Amino acid sequence: MAERRSGKRFIAWAALAGIIGGAVFLATAELFALLFARSASPILAVGGFVIDIVPQPFKEFAIATFGEYDKIALLAGLGLAVVIASAIAGILQLVRPPLGIVALVVAGVLSTAAIVTRAGAVPLAFLPPVLGTIAGSFILLLLVRRLRAWRTSVLGERSGTEAADAVPENPAAPKGIDRRRFFALAAIAGASALVVGVASRAVTMAVGSVEAIRGALKLPAARSKVTVPDGAELDIKGLSELFTPNKDFYRVDTALTVPSIDPDAWRLVIDGMVDQRVELSFQDILDMGLDEYAITLTCVSNEVGGELVGNAMWLGVPLRDVLKKAGVKSGADMVLSTSVDGYTASTPLAALTDDNLDAILAVGMNGEPLPLEHGFPVRMVVPGLYGYVSATKWLTELKVTTFADDEAYWTPRGYSAEAPIKFSSRLDTPSIGEAVPAGKIPIAGVAWAQSVGIERVEVRIDEGEWTAVTMSTPINDDTWVQWFMEWDATPGTHYVAVRAVNKNGDLQLEERAPIAPNGSSGWQRSLIRVT
Ligand SMILES: Nc1nc2c(c(=O)[nH]1)N[C@H]1C(S)=C(S)[C@@H](COP(=O)(O)O)O[C@H]1N2
Ligand SMILES: [Mo]
């Protein structure tokens, strides 16, 4: 009985040996990533790979469950999986050698594949995971050998596969020496892995911090400014600000870690069906002369009444001028834009060459350089198209091509290749679920129909008539407008519904549609409690 218990004890120590082997693997990889290839972190590469391959419903579930913390949840889940898999590898190495080492090498090969196939991988990117695999395997091998020697000294010789290896390393040594040898190595390897791993990651994230470069960057002043007319902003509590502050601006992307791009090293390549391939530096863009553009951005994932819409004052250059530098060949109908993280979007060429549409490359957002999360140093913004088909952040390439020849990131994942924004309206206040006192109160919100403009917003209380409400003075047709009406609220529960009419005279779609494949539709109708 006692013997069997102590046998089990060795299984637990083998699991620990496996976890330490895994930690040495990751720490070594982080150290060499810092030295040779900053983006070659196995955990982050595998995480990025997971994001790319998990089915869409699962992604939506993750976003719904963890919200903004979906990426942290993914990293925590991956960390747990690594601990469990490493523990299993350790146990395998004790009971079925060399299966533990085989498992570690397989993990090494898979993470190397994930790293070298990432977009923008540098030539030495294979080095960190390969050296990590070697160091991790070596430590696991040594630890399990010492563990086995200790076990033999306690339980005596055993038959089976491990017999050959089971000789105590030093038969003449005093009792307990094998145990101490195991723990000494486990403690040194475990502690070094922790220190080296954490320090390397911290230094990787801090050195040449792009956040610091961005903070020091001063963009040239705009040549032309947008005039914000009097009456463009209504002053109503609970109503969205006319310009969404950067810190409140919604963020949607597939990037596990925000790409850090030094503007000095940044290049934009324009190629594909062009007269000549052109490469532009950040300075080249600034030298074109910057102008202000007020444009409201909307995500295809925005539900009726949702928050994935925001308005900003962008600073940038027209995309039509950028494309002219390369000269677009006839026959092209699409521009495939690529981000440094490999994300791609397909934008109809016509939307980027139209003289009457301000499709831009943006470098500034609301008076500062683009925040890192919003695409620093350069992103696209196209009025009237959902973000996923137009607003590529961390832009690095514009390939002039055709919809027949090329496909963007979301196209094989259940979203349309082309996706104009379905114009919509939203109630901001009173907010649903918040009881309001009876008497005169404002009902207010926003409405957007980028590139066409909002003609009128109508509100209906309960089963009453649709009534046109007061609108703020629009800045232009590419930005949202605020709307407002005073309501004499009577106690009880009421339905407040809102809909818009655009400048073409079209009524906002009443029919409900889900976000996939090309954006939600429907009139927002909210239950408001008046006390
Ligand atoms: N590189 C990159 N750019 C991207 C995306 C992305 O996943 N990666 N998502 C797009 C989507 S779906 C939207 S709605 C907008 C959101 O821009 P924001 O995060 O600045 O609000 O960015 C677009 N640009
Ligand atoms: Mo989006």
Side-chain angles (χ1 to χ4, degrees), residues 231-242 244 250 296 298-311 384 386 420-475 477-515 518-531:
E233 180 142 33
L234 304 173
D235 181 21
I236 293 169
K237 192 168 160 279
L239 174 62
S240 302
E241 288 175 66
L242 181 60
T244 316
Y250 80 92
T296 297
T298 310
C299 182
V300 70
S301 302
N302 193 47
E303 301 280 3
V304 171
E307 303 280 331
L308 300 181
V309 51
N311 186 43
Y386 283 120
I421 293 173
K422 297 178 185 173
F423 72 99
S424 193
S425 51
R426 182 179 79 192
L427 173 74
D428 286 348
T429 183
S431 61
I432 313 144
E434 164 213 348
V436 291
K440 285 197 176 359
I441 58 158
I443 300 179
V446 286
W448 57 91
Q450 292 95 321
S451 81
V452 176
I454 293 286
E455 174 69 32
R456 169 167 99 243
V457 176
E458 299 175 342
V459 164
R460 182 175 67 175
I461 310 289
D462 298 320
E463 301 309 313
E465 292 292 307
W466 285 101
T467 321
V469 300
T470 307
M471 268 170 43
S472 66
T473 312
I475 300 173
D477 291 337
D478 296 335
T479 59
W480 62 16
V481 291
Q482 299 175 328
W483 57 265
F484 143 86
M485 93 172 218
E486 197 178 56
W487 177 35
D488 200 357
T490 54
T493 52
H494 299 279
Y495 277 104
V496 176
V498 57
R499 67 183 190 186
V501 174
N502 73 8
K503 285 187 177 169
N504 292 337
D506 306 319
L507 180 63
Q508 182 181 333
L509 286 177
E510 178 177 15
E511 193 193 343
R512 286 256 162 191
I515 59 174
N518 59 5
S520 67
S521 67
W523 298 341
Q524 185 181 356
R525 187 164 172 263
S526 302
L527 187 66
I528 306 293
R529 205 151 50 83
V530 181
T531 53

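Quick caveat: nothing in here was measured; it's all calculated off a predicted structure.
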Report summary line: Residues at least two apart in sequence or cross-chain that pass side chain to side chain contact (heavy atoms under 4.5 Å, CB included) with Glu434, listed by chain then number, are Ser431, Val436
Would you say the side-chain atoms of [X] pair up with the backbone N or O of [Y], donor to acceptor, closer than 3.5 Å?
X: Thr298; Y: Val309; answer: no
X: Gln450; Y: Asp477; answer: no
X: Lys422; Y: Ser521; answer: no
X: Arg512; Y: Trp523; answer: yes
X: Asn502; Y: Leu507; answer: no
X: Thr479; Y: Thr296; answer: no
X: Asp478; Y: Ser451; answer: yes

Minimal non-hydrogen separation, [X] against [Y], with atom names:
X: Tyr386; Y: Asn518; value: CE1-O, 3.3 Å
X: Ala232; Y: Gln482; value: O-OE1, 3.7 Å
X: Ser425; Y: Arg499; value: OG-CA, 3.4 Å
X: Glu233; Y: Leu242; value: OE2-N, 2.9 Å
X: Ser472; Y: Leu234; value: CB-CG, 4.0 Å
X: Val300; Y: Gly519; value: CG2-N, 3.4 Å

Query raised in the report: Counting only heavy atoms not in Arg529, do more than 12 sit closer than 6.0 Å to its CZ atom?
Result: no
**Report entry** Within 6.0 Å of CG in Asp488, more than 12 heavy atoms from elsewhere
**Finding:** yes
What is the distance from atom [atom1] of [X] to atom [atom2] of [Y], rounded to the nearest 0.5 Å?
X: Glu458; Y: Met485; atom1: CD; atom2: CE; value: 11.5 Å
X: Arg525; Y: Arg460; atom1: CZ; atom2: CZ; value: 6.5 Å
X: Glu303; Y: Ser424; atom1: CD; atom2: OG; value: 11.0 Å

Query raised in the report: Taking the inter-plane angle between the rings of Trp448 and Trp480 on a 0 to 90° scale, is it parallel (under 30°), tilted (30 to 60°) or perpendicular (over 60°)?
Result: tilted
Query raised in the report: Under the side-chain contact (heavy atoms from CB on, under 4.5 Å) criterion, do Val530 and His494 qualify, and how do the steps go?
Result: CA-CA 8 Å; Val530 181; His494 299 279; 3.8 Å; yes
Report task. Indicate yes or no: at least one non-hydrogen side-chain atom of Thr470 is less than 4.5 angstrom from one of Trp483. Result -> no
Which donor-acceptor pairs under 3.5 Å do side chains of residues 437-447 form with protein atoms, sequence neighbours excluded?
none

Query raised in the report: For Ile461 and Trp487, what are the C-alpha separation, side-chain angles and deciding distance, and is it a side-chain contact (heavy atoms from CB on, under 4.5 Å)?
Result: CA-CA 9 Å; Ile461 310 289; Trp487 177 35; 3.8 Å; yes
Query raised in the report: Would you say the side-chain atoms of Ser240 and Asp428 include a donor-acceptor pair closer than 3.5 Å?
Result: yes
**Report entry** Counterpart residues, salt bridge (Lys or Arg N to Asp or Glu O under 4.0 Å), relative to Glu455 (two or more places apart)
**Finding:** none
Report task. Take Val459 and Phe484 through the test side-chain contact (heavy atoms from CB on, under 4.5 Å) and record every step on the way to the result. Result -> CA-CA 9 Å; Val459 164; Phe484 143 86; over 6 Å; no
Report task. Determine, stepwise, if the pair Ile432 / Gln524 fulfils side-chain contact (heavy atoms from CB on, under 4.5 Å). Result -> CA-CA 11 Å; Ile432 313 144; Gln524 185 181 356; 4.3 Å; yes
